[in-house]
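Presented below is the structure to which this report refers.
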Amino acid sequence: MSVTDLSALLARPFFFCGIGGSGMLPLACILRGRGAAIAGSDRSYDQGRSPEKFAWIADQGIRLYEQDGSGITSADQILVASAAIEDSVPEVRRAKELGCQRMSRAELLSALFNGADTRIAIGGTSGKSTVTGMTGWLLTQAGRDPTIMNGAVMKNFRSDDALFASARVGSGGAFVSEVDESDGSIALYRPGVAVLLNVTLDHKSMDELRVLFGDYLAASECAVVNADDAEALALAGRAKTAITYGIDAADARIGVAGGSIRESATGIGATVLDRANGREAALTLQVPGRHNLSNALAALGAAMAVGVDFGAAVDALGGFTGLARRFDIAGTSASGITVIDDFGHNPDKVRATLRTLRAHDGRVIAFFQPHGFGPIRQMGRELAQVFAEELNDEDRVILCDPAYFGGTVDRSIGGADLAQWIRDAGKDAEHFPLRETCGDRIAEIARGGDRIVVMGARDDTLSSFARALLDRLP
């Protein structure tokens, strides 16, 4: 899309169906920051869920409507809706009646992204949001004034005026965005720098993922690839040029000095190497876990690929404060019970979270709300295996039925099935259909020194659940 075409696009009014979603909201905010007129609707708004978020959205000058079609009033409006939005939704019906143009989130985001001077895309099955936040922070600290499109609230950019800072609107010509493979839309992007974190089972088969991620690297000018992930590394040859990184890979350009890793319950540090230039620097992160050390190396590679100094980038990483709902410590009760709010929902993310918890003393109570009925069918048995492998006998697993906000999805396989698969894999698990009942059970069994992790995606109210649970604990 040319600059002229992009300017003409931004002059049109936009209506977002599902504007409160983690992918929709930051895109709406970026468009609003560039002067576009934005309106939207959301089932959660109609149901009175997350009132703080929707009040904030309205404060940004975005007009909210009930999801009844009343917000679609002109053929000039562009309806932004995912392919999963059913034709029966009133906004879709009304847009068809008026002849409104319809764009998916990815089509709109890729048009903005591909029009930027410096384009950094963050791809992979797990870790995208964290690496997007880290990379955006590094470019900000380097004075590049980037636009950042994230799927999570970035704590470094949160303020009283930006409570839901999953986006940052900059004017420096750089655009950092996570890109999604789950719907195949990653093919729409033309990155200057394409970061590939990992390639593991999630929404698509491994064969499909290899094609998508391989094409993604081939479309870039430079790739930053995780050499510790065999599937990712196998695709590096598709790139025109590649920067490799890794904690364990001895020949990765960006790596870690042997024996230098220092872990704590709230952070991790190491001596980081730029092997190509014989440089090293001490890194201390404010987020825990080896997976976050790997994420930091990825962000470092992305920043270096666009000319940010190695030493300055390592120093800036120490100021990264994390993302909401990514191992986000809600607090610790008077008796020493810590509650952690976490986005873990697929096997890799859940494994990383549990492994970080298990690296330190204390029983783990893992609460899990599946993020949909389809994902249980797709990855439920692998999730069950992860819980069984990563938790000790004294740890507990408690789960409820999947998040469901309406629609025609097949609900024949649910939380009870996942609990049984966990038991089949060798770890006890308790299932209660309602999340509130799970909260009662957790409060009943929790004792001093426990770490309670609240895991799940696609549901903002999980954070409220975590805070309310903390308030109940002795």
Side-chain angles (χ1 to χ4, degrees), residues 1-12 14 16 23-36 38 78 80 103-124 128-152 154 156-157 162 165-181 185-197 213 215-224 239-241 243 298-308 313 316:
M1 183 175 287
S2 69
V3 173
T4 301
D5 290 341
L6 187 57
S7 296
L9 181 70
L10 293 175
R12 303 268 300 278
F14 294 85
F16 281 72
M24 289 292 201
L25 178 56
L27 180 55
C29 289
I30 289 172
L31 287 169
R32 185 74 186 97
R34 294 190 175 183
I38 309 294
I78 296 175
V80 185
M103 296 184 77
S104 70
R105 168 190 169 276
E107 287 171 338
L108 182 52
L109 173 58
S110 62
L112 298 175
F113 178 87
N114 293 340
D117 295 331
T118 300
R119 305 172 307 283
I120 302 176
I122 314 298
K128 293 187 292 291
S129 296
T130 297
V131 177
T132 299
M134 286 178 167
T135 305
W137 174 245
L138 294 187
L139 265 64
T140 302
Q141 292 300 99
R144 300 293 185 90
D145 193 19
T147 294
I148 309 168
M149 168 74 192
N150 208 327
M154 300 173 285
N156 286 94
F157 301 107
S166 52
R168 179 186 188 273
V169 182
S171 57
F175 201 124
V176 182
S177 180
E178 61 174 283
V179 293
D180 188 14
E181 81 290 346
S185 64
I186 193 171
L188 298 173
Y189 299 86
R190 297 293 174 264
V193 178
V195 178
L196 181 56
L197 305 173
F213 284 126
D215 291 348
Y216 160 69
L217 295 186
S220 70
E221 297 166 17
C222 174
V224 177
K240 298 177 181 69
T241 182
I243 297 171
L300 180 59
M304 291 170 63
V306 295
V308 177

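FYI, the numbering just counts along the sequence from 1.
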(message) Checking A194 now: which residues fulfil side-chain contact (heavy atoms from CB on, under 4.5 Å) with it, not counting sequence neighbours?
(response) P191, Y216, L217, S220
(message) Just to verify, what does T241 make a side chain to side chain donor-acceptor pair (under 3.5 Å) with, not counting sequence neighbours?
(response) none
(request) Could you list the residues that satisfy side-chain contact (heavy atoms from CB on, under 4.5 Å) with A298, not counting sequence neighbours? (result) V131, V195, L197, Y245
(message) Within the 4.5 Å heavy-atom criterion, are V179 and S185 side-chain neighbours or not?
(response) no
(message) Using 0.5 Å steps for rounding, measure from the CD1 atom of I122 to the CE atom of M149.
(response) 13.0 Å
(request) Can you measure from CD (E107) to CG (L112) and round to the nearest 0.5 angstrom? (result) 12.0 Å
(message) Ignoring hydrogens, what is the shortest heavy-atom contact between E178 and L109? Give both atom names and the distance.
(response) O-CD2, 4.4 Å
(message) What I'd like to find out is whether the side chain of L9 reaches to under 4.5 Å of the side chain of M103, using heavy atoms alone.
(response) yes
(request) Enter the distance from M24:CE to C29:SG here, rounded to the nearest 0.5 Å. (result) 13.0 Å
(message) Tell me the closest heavy-atom pair linking E181 and G124, and the distance in Å.
(response) OE1-O, 3.5 Å
(request) State, to 0.1 Å, how close V308 and A313 come at their nearest heavy-atom pair, and which atoms those are. (result) CG1-CB, 4.0 Å
(request) Check K240 against A219 and note the closest heavy-atom contact, atom names and distance. (result) NZ-C, 4.3 Å
(message) Once rounded to the nearest 0.5 Å, what's the spacing between atom CD1 of I38 and atom CZ of F14?
(response) 6.0 Å
(message) Please give me the minimum heavy-atom distance between A305 and I243, naming the atom from each residue.
(response) CB-CD1, 4.0 Å
(request) Could you tell me whether the side chain of L31 reaches within less than 4.5 Å of the side chain of F16, counting heavy atoms only? (result) yes
(request) Any chance you could measure S7, atom OG, to D5, atom CG, to the nearest 0.5 Å? (result) 9.0 Å
(request) Verify, without hydrogens or angle tests, whether R190 (side chain) and A187 (backbone) share a donor-acceptor contact under 3.5 angstrom. (result) yes
(request) Over all heavy atoms of both residues, which pair between A303 and L138 is shortest? Give the atoms and the distance, please. (result) CB-CD1, 3.8 Å
(message) Is any side-chain heavy atom of I120 closer than 4.5 Å to one of V224?
(response) no
(message) Under a 3.5 Å distance rule, please check whether N150 uses its side chain to pair with a backbone N or O of T132 as donor and acceptor.
(response) no
(request) Please determine which of N156, L139, D145, I30 meets the side-chain contact (heavy atoms from CB on, under 4.5 Å) test together with R168. (result) D145
(request) Would you check if T147 and R34 make a side-chain contact, meaning some heavy-atom pair closer than 4.5 Å? (result) yes
